[in-house]
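In what follows, every chain begins at residue 1, and chains take the letters A, B, ... in the order their sequences are listed.
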Number of protein chains: 2
Amino acid sequence: MTYTIGRLAEASDVHVETIRYYQRRGLVGEPSKPPGGIRRYGEADADRLRFIKQAQTLGFSLNEVSDLLALEDGRHCREAERLGAEKLAVVRERIAQLRSVEKALAKMVGQCRNNAGKVHCPLIASLERDAKSATVPSCNHRERQASGVRPRPSRYG
Amino acid sequence: MTYTIGRLAEASDVHVETIRYYQRRGLVGEPSKPPGGIRRYGEADADRLRFIKQAQTLGFSLNEVSDLLALEDGRHCREAERLGAEKLAVVRERIAQLRSVEKALAKMVGQCRNNAGKVHCPLIASLERDAKSATVPSCNHRERQASGVRPRPSRYG
DNA sequence: CTTACGGCCGTAGTCAGCTACGGAGTCAAC
DNA sequence: GTTGACTCCGTAGCTGACTACGGCCGTAAG
């Protein structure tokens, strides 16, 4: 079961040029070129590419994906543990935030369906857990008091 | 409680230039300039900015954030319901994926802590649920059979 | 054996999302 | 009434993540 780069691209749903780009960045390996001249790839490569794409849609930058992939080899267990724990915290926070967004969205959709009149932008409110002044902020251009801590998200750093 | 743009930037942890950029993109409003000449902002603006940043770290593009924010005004209930339901599905999928990443990471960290030898890149495996050939792919450069469906993530589109 | 599809490789262009800069105006403090 | 921090506004530059292009070469089908 070997692929040329084109077939690999199909199998993993990642463009050829993107694969090359990942190779240049060191995210995926470049199998050595046999004397003749065409590299061959395997299913593991396709898996890895799919993984990269997935991780990206979950909000990880390619650098972070690199980190994650670096955990894979089982060596440097000490380091892997540290990094893994770190990412784990990030992942858990994201899950929590997404859950509150989910709740808010579900509620809003429900309100809409019941035509229950005024929908009160629960979205913004949903991410204000940290700022514990619990009143739902008005969404339009008008002032309120609230504020507090914000976790300074490092945005794909 | 009014802010100048600089104070707003501090309060929301978003750079002044970024705020202006968002204004240009229409993500946040620009309060009208009083005759004299300096715009004033309120707490709602800070909330909105914090929301935008949060939503970004959750993997939404500014366009998507726009969509989400457009739901806030309570008008167009029909449309809001549709859009809301759509985003809800996306959010739920992301949560599910993050959960399996979480599980994988937790397991790996546990293995490392117990020094249980070989860590078997459960990360890649964790995102292979879709491809239902259940064997854990080796992470290094070697072939395997597996594959199947992939959900073609639209990557912040 | 030739022809055409695809791989190889380097470089350049694109798009989103900022980030920086420069010059003019504003406003509060001294 | 001048200084200095800040606002306003337009435009230019930067980074991350691709995406496209072009020229050369390999290899498989007819």
Is any side-chain nitrogen or oxygen of A:K53 closer than 4.0 Å to OP1 or OP2 of D:dC18? yes
Distance test, side-chain N/O of B:Y22 to OP1/OP2 of C:dC18, below 4.0 Å: yes
In whole angstrom, give the distance that lies between atom CG of A:N63 and atom P of D:dC18. 12 Å
Here the distance between atom P of C:dC18 and atom CG of B:D13, to the nearest Å, is 13 Å
Please check if any side-chain donor atom of A:E10 sits under 3.5 Å from a side-chain acceptor atom of A:Y3, or the reverse. no
Apply salt bridge (Lys or Arg N to Asp or Glu O under 4.0 Å) to A:R92 and list each qualifying residue two or more places apart in sequence or on a separate chain. B:E102
What is the distance, to the nearest angstrom, from the OH atom on B:Y3 to the C1' atom on D:dC6? 17 Å
For B:D67 and B:N63: C-alpha separation, side-chain torsions, deciding distance, then whether side-chain contact (heavy atoms from CB on, under 4.5 Å) applies. CA-CA 6 Å; B:D67 292 350; B:N63 282 337; 5.7 Å; no
Set of residues satisfying salt bridge (Lys or Arg N to Asp or Glu O under 4.0 Å) with respect to B:R99, sequence neighbours excluded: none
Interatomic distance, A:I52 CD1 vs D:dG16 P [rounded to whole Å]: 17 Å
Which whole-number value in Å describes the distance from B:I19 CD1 to C:dT19 C1'? 13 Å
Cation-pi check, A:R94 to A:F60: give yes when NZ or CZ is under 6.0 Å from the six-membered ring centre and within 45° of the ring axis, no otherwise. yes
In plain terms, say whether A:R50 and A:D13 are close enough for a salt bridge, that is, a side-chain N and a carboxylate O under 4.0 Å apart. no
What string of B, S and - do you get for nucleotides 5-12 of chain C, 5' to 3', when a contact is any protein heavy atom under 4.0 Å? --SBB---
Length of the CD-P vector between B:Q56 and D:dG16, whole Å: 16 Å
Nearest-Å distance, OH (B:Y21) to P (D:dA12)? 17 Å
A:F60 CZ to D:dA17 C1': how many Å, rounded? 17 Å
Could you tell me whether the phosphate oxygens of D:dT19, OP1 or OP2, come under 4.0 Å of any side-chain nitrogen or oxygen in A:T18? yes
Applying side chain to side chain contact (heavy atoms under 4.5 Å, CB included) between B:V28 and each of B:L69, B:I52, B:V14, report the one that passes. B:I52
